[in-house]
Amino acid sequence: MSEGQSSAVESQPREVMEYDVIVVGAGPAGLSCAMRLKQLDESLNVCVIEKAAEIGGHILSGAVIEPEPLDALVEGWRDDPPPICVAAASDEFRMLSKSGSRKLPTPPQQNNHGNFIVSLGAMCAWLAPKAEALGVDLFPGFAAADLSYDDEDAVRGVIIGDMGVDRAGEPKDSYVQGIEIRAPITVLGEGCRGHLTKRAVRKYGLDAECDPQTYGIGMKELWKLPEGRVRPGHIQHTIGWPLPPEIYGGSFVYHLDKDRLAIGFVCALDYEDPDFTPFEAFQQFKHHPSMRELLDGGEILSAGARALVEGGYQSLPRVEMPGALLIGDSAGLLNVPKIKGTHQAMKSGMLAAEHIAEQRTTTGFDERLRESDIVAELRKVRNIRPGFHKGMWRGLLTAAVETVTAGKLPRTLSNHADHAQFRKRNGEVFDYEFVERELPPRDRLASVYFASTEHDEDQPVHLKILDPDVCFEKCEEEYGNPCTRFCPANVYEVVEDEGGKRVQINAANCVHCKTCDIADPYQVIEWVTPEGGSGPNYTNL
């Protein structure tokens with residue numbers, strides 16, 4: 001049953017729908033899986049469940065894509081491309097200081113010749129009618145709140161969250177009970193830190209033989225600039241300022257068409273300083289002299305944030321369990337050195353479809369994935385991201401060695417859980433060399449406006465603090481309540497009233513980035529799905 005329901009609601013039997021395959025998540029992995037299934041076997045009944053009100057509404061990515069998986073999935077797509085699709089024309093890689101920059105050789109993994117800059121959200125919306133034309137049933141606005149299990153404890157489908165439940169968990173006049181959708185096979189393509197995937201990993205011990213997954217927080221804005229300033233197809237990446245050498249991350253600037261520019265900033269969530277604010281670092285980056293000159297006079301069209309998986313090969317969990325599979329970012333297939341995951345997501349979705357069509361079971365998919373070129377690609381670069389654990393310069397050296405040897409050195413560096421990396425406050429204050437800023441947005445609340453996020457205020461809060469006493473008995477003194485800083489949407493706020501101090505959860509601000517679920521040092525914050533259709537409504541991100 002979905003969290004927050006009253007016992008009166010729980011006692012009612014649910015309506016059941018039956019399918020051959022259920023896909024959770026209408027991202028590139030989920031849509032590719034569903035489409036390939038129908039291409040391979042028209043008789044299969046396949047549905048895709050998506051929590052966003054519209055397909056693509058919760059999708060946020062850079063995104064530069066390698067076109068080969070799209071070539072295999074959609075014949076002749078170049079004659080009818082996605083709404084935003086600009087051929088890569090040139091690459092630029094720079095190291096920034098506070099007031100200047102130095103051009104560096106573009107890493108081989110970031111050579112984008114033959115690739116395309118897209119809006120991944122718009123691309124998924126473009127794929128959706130193609131999936132429906134193949135016979136896939138798409139259900140946007142329906143959030144899969146929980147997994148359903150059979151008598152042998154195998155996954156047998158999903159439970160859709162109830163609609164019209166008030167903040168206290170009681171049914172309102174608009175109450176509609178969520179249905180249960182059952183199938184012999186459920187494919188989890190929820191993206192990074194999916195809440196069903198998190199439960200499945202825990203229940204079946206899928207991470208027992210791998211390193212902890214690691215993450216970054218990515219923030220992105222779409223700008224409209226004065227005419228003539230954008231160079232369509234130009235791709236820029238930077239490292240360095242405003243991040244110190246101890247924090248892994250950097251920026252991307254992708255020049256689109258129609259005077260539009262996609263600008264983003266990624267910061268690893270294994271940083272040690274609990275007072276650091278990733279959102280502020282992003283805003284600082286826009287005030288670098290080169291960026292400020294580029295953006296001056298422009299306007300923001302949309303903005304958002306999303307966590308991304310960075311663990312790679314070492315953190316790859318087992319991707320099969322009784323009745324279900326993991327694909328795409330749910331499995332952690334992002335290639336961090338390439339700064340790309342879409343091709344991996346699509347290929348894994350199609351590989352899962354081929355396995356299901358041939359075997360009609362989940363058994364054997366883990367081995368099949370690990371023997372594929374998807375995991376081979378991750379293995380070749382497995383030491384590059386963890387090589388930065390000891391700072392930027394050590395990381396660049398490791399990356400050079402790993403690239404020259406194509407990952408053939410016998411060593412494999414380890415990953416460590418992000419939330420365990422915070423150092424306790426000891427009076428030391430870091431100087432990040434930040435500057436005065438004027439470009440929009442002024443603060444995190446202003447950024448939320450550009451995400452067009454909407455949640456019914458009178459619904460159960462979908463962000464749970466499992467042990468509220470920890471917030472002020474331990475976390476305040478030891479870490480200064482970092483949830484008030486690492487969240488890019490100002491969801492968490494410390495307030496004091498007649499009842500004392502408490503953490504106020506501004507759930508209506510949430511953009512579903514999952515940073516809180518990942519970075520909380522005591523792991524007492526849990527993100528669960530809100531009512532279907534709630535959340536951001538990203539446009540061309």
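- Counting only heavy atoms from C-beta outward, the side chains of Thr362 and Met321 never approach each other to under 4.5 Å.
- For Ser447, the side-chain contact (heavy atoms from CB on, under 4.5 Å) partners are Phe279, Ala303, Pro441, not counting sequence neighbours.
- Formation of a donor-acceptor pair under 3.5 Å by the Thr515 side chain with backbone atoms of Cys487 is not found in this model.
- Heavy-atom minimum distance, Asp20 versus Pro184: O-CD, 3.3 Å.
- Of all non-hydrogen atoms in Ala34 and Val136, the two that sit nearest each other are O-CG2, 3.7 Å.
- To the nearest 0.5 Å, atom CD of residue Glu221 and atom CZ of residue Phe450 are 8.0 Å apart.
- In this structure, the side-chain contact (heavy atoms from CB on, under 4.5 Å) partners of Pro317, at least two apart in sequence or on a different chain, are Leu206, Cys210, Leu326.
- Two residues are said to be in side-chain contact when any heavy atoms from C-beta on lie closer than 4.5 Å; Gln359 and His355 meet this criterion.
- His416 and Gln421 are not linked by any side-chain donor-acceptor pair at a separation below 3.5 angstrom, with hydrogens and angles left out of the test.
- Judged by distance alone, the side chain of Ser148 and the main-chain N or O of Gly157 form no donor-acceptor pair under 3.5 Å.
- Here the closest non-hydrogen pair linking Phe365 and Ala352 is CE1-CA, 3.5 Å.
- No more than 12 heavy atoms of other residues, nucleotides or ligands shown are found within 6.0 angstrom of CD on Glu54.
- With hydrogens and angles disregarded, no donor-acceptor distance shorter than 3.5 Å links the side chain of Arg385 to the backbone of Gly312.
- The environment of Lys340 atom NZ is dense: over 12 non-hydrogen atoms of other residues, nucleotides or ligands sit within 6.0 angstrom.
- The shortest side-chain heavy-atom distance between Leu37 and Val187 does not fall under the 4.5 Å cut-off.
- The CZ atom of Arg202 sits 11.5 Å away from atom OG1 of Thr197, with the distance rounded to the nearest 0.5 Å.
- The side-chain heavy atoms of Met123 and Thr342, taken from C-beta on, include a pair separated by under 4.5 Å.
- For Asp91, the side chain to side chain donor-acceptor pair (under 3.5 Å) criterion is met by Asn112, not counting sequence neighbours.
- Asp373 meets the side chain to side chain donor-acceptor pair (under 3.5 Å) test with Lys347; sequence neighbours excluded.
- Considering only heavy atoms from C-beta on, Leu308 stays 4.5 Å or farther from Asp329 through its side chain.
- Using modelled atom types, one side-chain atom of Gln344 and one backbone atom of Leu333 make a donor-acceptor pair closer than 3.5 Å.
- Residues satisfying the side-chain contact (heavy atoms from CB on, under 4.5 Å) criterion with Glu531, sequence neighbours excluded, are Met163, Gln459, Ser534.
- Taking 4.5 Å as the limit, some side-chain heavy atom of Pro482 sits within range of a side-chain heavy atom of Pro521.
- For His343, there are no ring pair (Phe, Tyr, Trp, His ring centres under 6.0 Å) partners two or more places apart in sequence or in a different chain.
- When every heavy atom of Gly249 is checked against every heavy atom of Ile239, the shortest pair comes out as O-CG2, 3.9 Å.
- Residue Pro83 comes nearest to Ala122 through the heavy atom pair CD-O, 3.9 Å, listed as atom of the first residue, atom of the second, then distance.
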* Hey, mind stepping through Ile22 and Phe139 against side-chain contact (heavy atoms from CB on, under 4.5 Å) and telling me if it holds? -> CA-CA 11 Å; Ile22 301 166; Phe139 296 120; over 6 Å; no

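- Contacts classified as salt bridge (Lys or Arg N to Asp or Glu O under 4.0 Å) and involving residues 120-139 (residues at least two apart or in different chains) are given here: Asp80-Lys130.
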* To do: Go through the steps to decide whether Phe285 and Val253 satisfy the test side-chain contact (heavy atoms from CB on, under 4.5 Å), and finish with yes or no.
  => CA-CA 11 Å; Phe285 166 68; Val253 181; 4.2 Å; yes

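- Residue pairs meeting the salt bridge (Lys or Arg N to Asp or Glu O under 4.0 Å) criterion with at least one partner in residues 360-370, sequence neighbours excluded, are Asp41-Arg360, Arg318-Asp366, Glu358-Arg368, Asp366-Arg370.
- For Lys390, there are no side chain to side chain donor-acceptor pair (under 3.5 Å) partners, not counting sequence neighbours.
- Of the possible donor and acceptor atoms, one in the side chain of Glu50 sits under 3.5 Å from a partner among the backbone N and O of Ala52.
- Looking at Tyr538 and Leu222, their side chains never come closer than 4.5 Å, going by heavy atoms from C-beta outward.
- Shown here for Leu31 and Ala26, the closest heavy-atom pair between the two residues is CD1-O, 3.5 Å.
- Listed by first and then second residue, the side-chain hydrogen bond (donor to acceptor under 3.5 Å, both in side chains) pairs that reach into residues 392-408 are Gln109-Thr403, Asn383-Glu402, sequence neighbours excluded.
- Judged purely by atom type and a 3.5 angstrom limit, His512 has no side-chain atom pairing as donor or acceptor with the backbone of Trp527.
- Surrounding CZ of Phe142 are at most 12 heavy atoms belonging to other residues, nucleotides or ligands under 6.0 Å away.
- Screening Phe422, Tyr248, Phe486 against Tyr271 for a ring-ring contact (aromatic ring centres under 6.0 Å, His included) leaves a single residue, Phe422.
- Each of Val23, Ile49, Ile327, Leu196 was scored for a side chain to side chain contact (heavy atoms under 4.5 Å, CB included) with Glu190, with one residue passing: Leu196.
- The shortest distance between side-chain heavy atoms of Met95 and Leu396 falls below 4.5 Å.
- Proximity of a side-chain donor or acceptor of Thr453 to a complementary backbone N or O of Cys510 within less than 3.5 Å is detected.
- Evaluation of the ring pair (Phe, Tyr, Trp, His ring centres under 6.0 Å) rule for Phe252 yields Tyr254 as partners, not counting sequence neighbours.
- In this structure, Ser119 contributes its side chain and Leu541 its backbone to a donor-acceptor pair below 3.5 Å.
- Electrostatic pairing of Arg156 and Glu180 counts as a salt bridge here, judged by a charged N lying under 4.0 Å from a carboxylate O.
- In this structure a side-chain-to-backbone donor-acceptor pair under 3.5 Å is missing from Ser90 to His234.
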Only distances under 3.5 Å count here; give the side-chain donor-acceptor pairs of residues 59-74 to other protein atoms, sequence neighbours excluded, each with its distance to 0.1 Å.
unit_1: Glu66; atom_1: OE2; unit_2: Lys338; atom_2: NZ; d: 2.7
unit_1: Asp71; atom_1: OD1; unit_2: Trp77; atom_2: NE1; d: 2.6
unit_1: Asp71; atom_1: OD1; unit_2: Arg78; atom_2: NH1; d: 2.5

* Derivation and outcome, side-chain contact (heavy atoms from CB on, under 4.5 Å), residues Val528 and Arg199 -> CA-CA 11 Å; Val528 300; Arg199 294 177 185 180; 3.7 Å; yes

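- His255 and Gln236 share a donor-acceptor pair across their side chains, judged by distance under 3.5 Å alone.
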* **Pair Asp273-Arg485, salt bridge (Lys or Arg N to Asp or Glu O under 4.0 Å): steps then yes or no** => CA-CA 11 Å; Asp273 180 14; Arg485 292 178 292 280; over 6 Å; no

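- Using modelled atom types, no side-chain atom of Asp270 and backbone atom of Asp418 make a donor-acceptor pair closer than 3.5 Å.
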* Kindly determine whether Asp150 and Arg182 satisfy side-chain contact (heavy atoms from CB on, under 4.5 Å), including the steps that lead there. => CA-CA 10 Å; Asp150 64 18; Arg182 295 180 182 175; over 6 Å; no

